[in-house]
Structures are given as structure tokens and as C-alpha cells.
Amino acid sequence: MARAGPPVLFIAWLLAAAPASATVQHRFALIAGNDRGGSDTRPLRYAAEDARKMLGVLTQLGGLANDDVTLLVNQNSDQFWRALSGVESRIAAARQRGERTLFILYYSGHAKNGELRLGDTRVPLDDVKAHLLAGNADIRIGVFDSCHAGMVNRTKGARRAPAFAIEATGSEDARGLVMLSSASADEDAQESDEIGGSYFSHYLVSGLRGDADRSRDHRVTLSEAYAYAYARTVADTAESAAGAQHPTFSYDLKGNADLVLTDFASRREGIYLPGDAPTGIYYIVDGNGFIAAEIQKTAPGDRQLALPAGRYRVRRRLADRLRIGEIQIVSGQLATLDEARLRDAPFSDDPVKGALREESARLSLGLGGGVQSFFDGPTRDSLFPPTGMLAVELQLRDFFRRGWIWGFDFASGSTRGDVDRYGTLLSFRFNELTAGTTLAAEWRLRESNLSASLGLRLAFLVMSRKFDDPTIPDQFFATFTPGLVASARYRLSRRFALQGLGRVHYLLYNVDENRSLGYWELSAGIAYDF
Amino acid sequence: MTSKRLVTRSGFLSLIAVLLLPACGNYSNEDLDFQLALPEQTDMEAKMQLSVTRLDSAEYYRATRTAITTFNGMVVELVGFIDIVRGTTPTSRDGDQRTWGPFPSDTYPGWEIRVVMQRTAVSPTLLQMDYWIQLRQVGQGDAAWVSLLTGRYISSGSARKGQGEIHLLANDVRLAGYPIDDDPGLVSLDHLDLAYDNTSFPITVTMNVVNLPTATTTAGLYQYFQNQDGSGQMLFDWQGVTDTGAQVSARMQSEWIGSGAGRADLIVDLTPNLPSQSTTLGIDCWGVDTLATYSYRLEGNLALGDPASCLF
């Protein structure tokens, strides 16, 4: 029974007895995240985000220079191999300069049948492992957060770790391979909307930010981080429908050193939890409503968590209520989290919004401009002239089901036109207002931040014209028009995206006679996701 | 999920409902033809630079102004009928025909009115438009429509330039029982024929008023000419019957330049007291101040001012 879970207390004792020491190393990392795993898998929500979080913590606290980290978000296998080859070349160059090197390969995404799934492309796990085994870095660390990732630890070349007995003996000439996986070989790796990421990566990152620092030396070693991530992942997934998820760990190290992954001793920026603070788990919630990190306080003693400057909300859950509050981290300073900052609140005031996302839609607000024009030449020339439009669109994403978009758009445009009637040229000002609703299905294109959607739209158009000749009465036409919409969206960041769309609509014009007309619209703009 | 299903279902029903709604509006290039063919007041009204009338203005200047006012008043009356159409969307469109109404008469609930316009494209640049304003008693069939006004317009090089004619058939609707005599301006009118030509200068408008035989003035003929420089002419003939039943025929010929200064002659063609040949009863010439610069009256052989001051 003692082997069923990681002996955290033992590890803590071990680490306290022999504190880990940081080794001067030139560190490199290849960090890959891919939400898509091909047609036979359901898209993940947070794999790419997991990769970004890992990048953040490693560059902020892990001693990695930005130039030494390669981030691959939704890229394919060719790009993966090219990136890996590039990193290996740089490691070789560093070795030639006599530098000690450490290489971290992190992957979050789908894995199936012994292959990492990068969109529709495959990367055999054995090939990746072969690269890690034969890698020229002194220390290679592979972290695989994916379903069945544990198989990486049962293939040959690495020994299954006997109860995390990585000893922190302080040897600085360690060489070898360490591999972490988020789940065992027959388990699924799980994501959580509440934490906005996969369990394992979230706890790994949270631990690296300081919560895994059992030795209180303001450094988080590999074994500390893993022990923390293991315990929290198993605990949080134990009650899930998919069942408990058990991360695995294997190593093949010579020199047997524990590895300091993050060091926040010199980075005094984050949250400080005094020793007399009540025990419990403190959830640090970012501005997006996701849990950015956690502090698990189980015993007396102060705690420190390294976080970027910014405003955070804090939640601690009691049996009958929440304790919530806000904390501002100023750049370069530690913000002390006093219990007095927190207040009682009902569960309905939970600042963590991610939990609600499974059942509720996400809002996106877009602004853009475009042009509308009728296909029929005479209609375009004298009846409804091509018009520039300014538009605003509110999209309810994932409302009916995941990958579906329900949008509401409003647009307005104006231009000048002329009509010639039996030799009399009449000039007019043309105005148009449209309100439309669109139901579209969205597909994310493989290996990129690009997504495409196709859908149906129903628009209500009000077109009017006012003639320069005051004796000619104003005219208007209002009607509903059904149409097709195709759009492309390029995600610039978590919040912003560029969006371009094309529409083709049918319009029944019935004033003079019944005429079936068609018009197109092209527009581009920027969208903000709430 | 229940709420989503409800939303989906209600959204679908809403979609069906809105698709069933017809498009609406008056946005039409074709309608422009009909609107352009209708004459406007400015197309037909007499224009004179001077509009003031003083107590000491030349007598025939004042008479000219009165004739212009009367003439323009009748133009306004005619255009008033037509303007019902101009600002209203046709009730029905059928190829080259537009129909407004039938609308119930606001004044006479037992009557209804309709306007029919028929377009004939003579050529790509030549347009002919015929129109009728018709009345009938509510409940009667198509054969009961009687025309109050008929018109025709033929464009010439531009939809706004051309020749037109309007006929106000007051006695026809009177005979059909329509209480047209409730309008004091039409109580003695049998019919009115107006023709206009604004194709090029001089713009001409001819209005022939034929009153009922019982009227004191049995007929009047206005002829108006407008030149590009603002000068113009107004010829006004009228015929009447004296209390003794004698036929009277007279005419006034007014002519002015762009500034408004001008001359008017009053000529009697037939009176009981004069021979049948035309006799000039008087002449007035006036300046831009409307005061007479020369005045002549046959009666008493009076002449004031300098006849050389007359512009015509």
C-alpha cells in the first residue's frame, strides 16, 4: 500500500536532509502543445495553453533564456522534428564551448498507439525517446502530458523510478535522462475547465512556482515538482468520471543528482503566505477566472509562490463558505496574503469561472469593416450600389455545442449612387443597416492558430436612398435575406484574434417585380474573446 | 441542456416566422419614371421677378399680377391632385402600370378615389406617361370609375423635359354625382385644359378654362411664355355675357423683361358698345418699382408719361 502513491513525507525528509543545489547549466527547452489529435480524437481545450504556461514558468524561474526556448503551438510533426533538430544543434554547440547543458522536452496533447498526435500528423514515441536517450545534453528531461503517456516509461532505456528515490546528493556532473508522464500507460490524461488546463501540467507549473518547495529553500527540484504534481493530480482526479490519473516517472541518471528546475530565491515577486495563515488550499485566480497557481498549506510555516505582477483573486474553500479576496502583486515585490484580506462569501461568489465554461458559452466581440456588393451588374450600378460597411459582431461560441458559433452582427454603411432614367441622372445617398444572426460550425486548421468556419446566416436589411432632387421622395427597402458564411480566424493571443469572412446572400426583391438577387460581402476585423 | 433545447426550438420557430414576412418598401427605379413624369408646380407656374403690388402700382401691372395669381392658383389646384401620387407608394404595380388606391374620400365617405398611371416606352430615351385620377361611389364596379383628371406626358431627351397636358373634367364628375361644387373654386367650371412644354425655352403653358354656360365668365384662355433670361409673356383672353345677355370678349397682353419692368395692353374684341374689331382700351408701362412710366386710356383719351419709356 505504501507504494500506491508517492511517499511525499519521505521525499521531504530526504530533501531536507540534503538540500538540492543548483548547477550552472545552459538550459534549452522545446515546448510543444497541440489541441488537435486527428479526426479520431476530440479536440483538447488547453494543451496549447499548457505549453504557454510551461514556457512562462521556465523562462521566469527556470533559468531559460528566451532564445533557448522553442515553443510549438499546434504545429505538425515536420515542424516538431525541425525544431528538435535545431535545439540539438545548439546544444551541441554549447557542449563544444564546454558548457554543461540541460534539455527539457515538454509535450501536451494527444497520444495514441505509441504516437504523439500533432494534429493529423504522428510522432512515434519511440523515436522521441531515442532522441532523448541519445541526446547530447548532459541532462535530458522529457515531460509528456498526454493520454497513455505512461508508455514512455515502460519502453526500454529508462528505469521505472522506485518510489521517487532520486536522491539529492548534490552531484553536479550528472548525466542522463529523466522522463515524466502525466498518466500511466492505460490512463487518459484529463483536463479541467476550472483550472484551465490539464491537471498534471497545472500542478507541475503550480509546483514549480513554489508550492512544491517542501524544503523551503526557494528552489523547486525535479523530485519536489513531480511529487507535488503526482499528489495533487491523483487527489483531484480520484473523483472524476474518468477515474484517478497516475503520473509516472522514470530516470536513467548517472551522478544521481536532484535537479533544481526553478529558483525563486532571487526573484522576489509573488505571494508570501505568513506562517500563521490558516491551513488549507489557497487558489490564486487570474484575471481570466482560471486558477493560476495554488498554495497548499498543511502545516505551520510560511510559504512563497512566484507569480508575475498583476492583480489576482484568492479563494480558500471552507466546508460551508468561501474565503475570498484580492491581492495585487507589484513588480519585483512579494505581496503578503493576510487572512484579514479575505472575507466570507457564499459559494455562488466563487471567482473561479472556469468551472462554468463546460455548460456556458464564451463571448467574443468583433469589430470590422468590409464591403457589400450585388452580383447583378444593373442592380449594382443603379439600384443598390456597392457599399462600405462598418460592423460589430457578438459571437456566442460553443453555445449549442462545442465548435459551434452563434453570432449576432450589426452593420451600417453609406455611399453615393446615380440612376439614369430616360436621360435624367438622379444622384442619391444610399444608406444601409443590417442585423444578422449566424449559426456556424468551426474547425481549427491543423498545426496552426487558424480556424475556419462555415455556417448559415439570416440577415435583416434596411436599405434606403435619399435623392439630391428634393422632389423625389425617399425610398427604402427592408427584407430578410438568408445566406452562407465562411470565415477564417487567426488567433493572435488568448484574447485577440484576426477575423476575415465572406458571405453570399439571396435577396428577393419584389418592388417592381419579383427578382431573385444575390449579393456578397467581404469583411475583416479584430475580435476580442471574453 | 433543457434550456438549450428550448432556445433551439423557439429560435427555429422564429426563423420560420421571419422568413414568412414579406419584404416591404418603395425602393424602385421604375417608380422614378412615374414620379419624373408628373409635372411640378414650378414646371407650369408663371414667374415674374416683381411680386409686390402697391396702391399706386400701374393698374395693368396689378391686373397682370392678378392674372398670374389666378393662373398659378389653378396650377396649384391641379398639382395638388397629382401630388397625392408623388409622395405615396403605389398600391399595386403591374408591368407598366401603377395604381394608387382605391382610397376612401376623406371628405365624402361614400366616394373613393384612385390614380392610374400607364407608362409607354416609346424609345430608350422617349417616355410617354398617361394618367387618370378617377372617382366612383363606394361599392360600384370598375365601369363606374369616372375621371376627374386625365394627363399625358411625353419626355423629350430627358425624363424631366417634355410636353404634357392635363385635363380637369369637373363637369363629368359633377354629372356622376360627385359634389364637386362644394369647392368654391370649381363651382362654375365645366372643364380645364392645360398644356405645357418645357423641352426648351421659351417654356410655354396654355390653360383653357371653360366654365358652365351659366357663369358670368364663360371661358378664359391663359397663355404663358417664359424665357431663359426671366422675361415672359402672359396673354389672358376671356369671354363672358353681360347682364343683358350680350357677348363680351376681351384680352390682356402683358410682357415683361427679367427685372419685371414691362407693359400690358387691354384689348376688347367684342362688346355691345364697340364695333367688332379689336380696340385697345388702354396701355400701361411700368418700371421695376411697379409704378407707371406711361399710361394711356381710350376713355377720355388720357395719356400720362412718356411712351418712349415703354420697353415693348
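Below, chains carry the letters A, B, ... as their sequence lines are ordered, and counting in each starts from 1.
Looking at B/Asn26, its side chain does come within 3.5 Å of a backbone N or O of A/Phe476 through a donor-acceptor pair.
Heavy-atom minimum distance, A/Asp512 versus B/Arg98: OD1-NH2, 3.3 Å. When all heavy atoms are compared, the tightest approach of A/Val511 to B/Gly25 is CG2-O, 3.9 Å. Between A/Thr424 and B/Ala159, the shortest heavy-atom distance links the atoms OG1-N, 2.8 Å.
For a residue to count as touching a neighbouring chain, one of its non-hydrogen atoms must lie under 4.5 Å from one of that chain's; by this rule B/Asp31 touches chain A with backbone and side chain alike. Residue B/Leu38 does not touch chain A at all, counting heavy-atom pairs closer than 4.5 Å. Contact annotation for A/Asp469: only side-chain heavy atoms (C-beta onward) come within less than 4.5 Å of a heavy atom of chain B. With a 4.5 angstrom heavy-atom cutoff, A/Leu461 does not touch chain B via any of its atoms. Heavy atoms of A/Leu383 lying under 4.5 Å from chain B belong to its backbone as well as its side chain. Proximity to chain B (any heavy atom under 4.5 Å) is restricted, for A/Ser464, to the backbone atoms N, CA, C and O. For B/Glu30, the parts lying near chain A are the backbone and the side chain together; criterion is any non-hydrogen pair under 4.5 Å.
Annotation: B/Tyr27 is not in aromatic contact with A/Tyr509 [ring centroid separation under 6.0 Å not met].
Note that CG of B/Leu36 is 11.0 Å distant from OH of A/Tyr422, once rounded to the nearest 0.5 Å. In this structure, the separation between CD on A/Glu513 and CZ on B/Arg93 is 11.5 Å, given to the nearest 0.5 Å. In this structure, CG in B/Asp33 is found 4.0 Å from CZ in A/Arg421, a value given to the nearest 0.5 Å.
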Derivation and outcome, side chain to side chain contact (heavy atoms under 4.5 Å, CB included), residues B/Leu32 and A/Gln475: CA-CA 10 Å; B/Leu32 295 175; A/Gln475 297 183 338; 3.7 Å; yes
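Side-chain contact annotation: A/Thr471 with B/Arg160, donor-acceptor N/O pair under 3.5 Å present.
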